[in-house]
Amino acid sequence: MTTPLLEMHGVSKSFGASRALDNVSLALRGGEVHALIGENGAGKSTLMKILSGAYRPDQGRMEIGGVAYAPRGPRGARNLGVAMIYQELTLAPHLSVEANVMLGQERVVAGFIRRKEHRRLVAQALELLDHPDIRPETVAGNLSVGAQQLVEVARALVADARLIVFDEPTSSLTERDAERLFEIIERLRAKGLAIVYISHFLEEVRRVAQHYTVLRDGRSVATGPVAGTELATMIGQMVGRDLTELFPRVPHEPGEPILELTELSRRPIPKKADLVLRRGEILGIAGLVGAGRTELLRAIFSLDSVRSGSVCVRGISSRNATPRLRIRQGLGYLSEDRKGEGLALGRSIEDNMTYSALDQYSRWGWLDLGRRKSDAAGWMTKLRIKAISPSQVIGDLSGGNQQKVAIARLLHQDAEVLLLDEPTRGIDLGSKAEIYRLIGELAAQGKAIIMVSSYLPELFGICDRIAVMTRGVLSKARPVSDWTEHSVMEVATGG
Ligand code: ADP
Ligand code: MG
């Protein structure tokens, strides 16, 4: 084992009365990508701002290559080989790539800028990045966010960085740019640089990093090699609670088949999907974004027209129906786009819960508002929705409570088969745990659930069986115990 390139010892930092970092230590080696993970507010950015000279620590010390390191400001850190790529980009949009890369690190002799050397340095850095759109003369503002980020990396390379920190670099990148960034990080690593990679996307972390450290509430709570550490373990370390708490198991028993898909196809995807779903069963569908999982749910619910094959609900088979018929057959669909097509955020809880079943309350043109309110209040209690009253506007609720309202609507429609697309996306962990419990309770009542999710730990945490969608093709659904996170990813990526 080589000696660390960087060591941070006992670093603490407070902002007023709040302690952002408490006695944190970290060691990094050259040729290693070290992931720094943790929930929002855990202290990741603060620790890296100390490393890159933007903040001074209250306590603690740092060493680089065995020599005491106490940068005075970001420029001082850069001169000592530490570069930080921020989330928000810092390029001058009207200047060329070359000017941006050299900004503040111009090579000057006797007052003259050494153009040739600039060109050589920039060309060298860009060669490593190997991006078709980035040429020295390109105006930076015309580049995509991903390309601009790479220009920042070029800056770091020209500054002879030994250590580059990426703070949530993929949060505003397209999938393609993210993919390219991963390749470049690997190249930097192979050149012997040390990389700190901050992210809360654990799948990414597993892809790019060899080591990881978890921060929680300003403390370092775990560190170790990525290989051989399950995602679930990392999550447990991030959230600081037992996974049985995060994924409450509600006992349920799969019964008779309720939904059967036979070679269901829509153009261009999905392709010939076969599936049998039982009452009292939670079936997870994993896959990469764009694999066709949402399209499958939409085809089942007849939101899009189906090309061939059939959907059989309780023994009654049909191909192209309407969502209205599907609802009458007992299907319920929860869109992944909660705000766009799921909920009316400006309307009340009761409106949102009941608007697709309004005829229940109307008689001779008269709407029974009192009964509607008490029904809505009933669902609020059953689903433990935190709100003042059924007439509260749902835009004011937390994401988790909004999602419960959306699920309550399906239940209010008497759905027996729930098609849930990314039901926990964008909500905090506490609310996730409540949604998991709710899904478990619904299965225990004999409902059948299909859950599409990109978050593998939850599929493993709550599902009975998992199927994987790859470029429109749905794998056979197998019991969770037959899969590992690795084998799911292998199938998902077409391996
Ligand atoms: P992370 O990057 O892990 O999301 P941060 O390092 O940004 O976490 O924040 C850690 C804690 O420090 C949070 O409670 C945050 O509110 C606080 N904090 C960070 N920067 C400042 C600041 N400049 N002033 C006051 N509080 C801050
Ligand atoms: Mg941060």
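Numbering of ligands and ligand atoms starts at 1, following listing order. Keep in mind that this is a model prediction, so the values were computed, not measured. Every heavy atom of this structure was used, including side-chain atoms; hydrogens, water molecules and symmetry mates were not.
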Residue and atom name of the nearest protein heavy atom (relative to atom 13 (C) of ligand 1), distance in Å to one decimal: G41 O, 3.8 Å
Which residue and heavy atom of the protein sit nearest atom 6 (O) of ligand 1, plus the separation: T46 OG1, 2.5 Å
Flag if over 12 foreign heavy atoms under 6.0 Å of CG, D217: no
Test item: N100 side-chain N/O and A92 main-chain N/O as donor-acceptor pair under 3.5 Å: yes
For atom 24 (N) of ligand 1, closest protein heavy-atom neighbour: F15 CD2, 3.4 Å
Heteroatom proximity flag, A42 to ligand 1, N/O under 3.5 Å: yes
Protein heavy atom at shortest distance from atom 23 (N) of ligand 1: Y55 OH, 3.2 Å
For atom 12 (O) of ligand 1, the protein heavy atom that lies nearest, with its residue and separation: A20 CB, 3.3 Å
2.8 Å cut-off met by an N, O or S atom of T46 to the Mg ion (ligand 2): no
Residue R187 excluded, over 12 heavy atoms near CZ under 6.0 Å: yes
Ionic contact status for K432 with E434, cut-off 4.0 Å: no
Within the 6.0 Å centroid threshold, strictly below: Y455 and F460: no
Protein non-hydrogen atom found under 4.0 Å from atom 16 (O) of ligand 1: no
R293 to A286 - nearest heavy-atom pair and separation: CD-O, 3.5 Å
Polar proximity ligand 1 side, S18 side, N/O cut 3.5 Å exclusive: no
Within-cut-off N or O pair, G43 and ligand 1, under 3.5 Å: yes
More than 12 heavy atoms of other groups within 6.0 Å of R347 CZ: no
Salt bridge present between R207 and E186 (N-O < 4.0 angstrom): no
Sub-4.0 Å atoms of ligand 1 with respect to non-hydrogen atoms of S45: 1 (P), 2 (O), 6 (O), 7 (O)
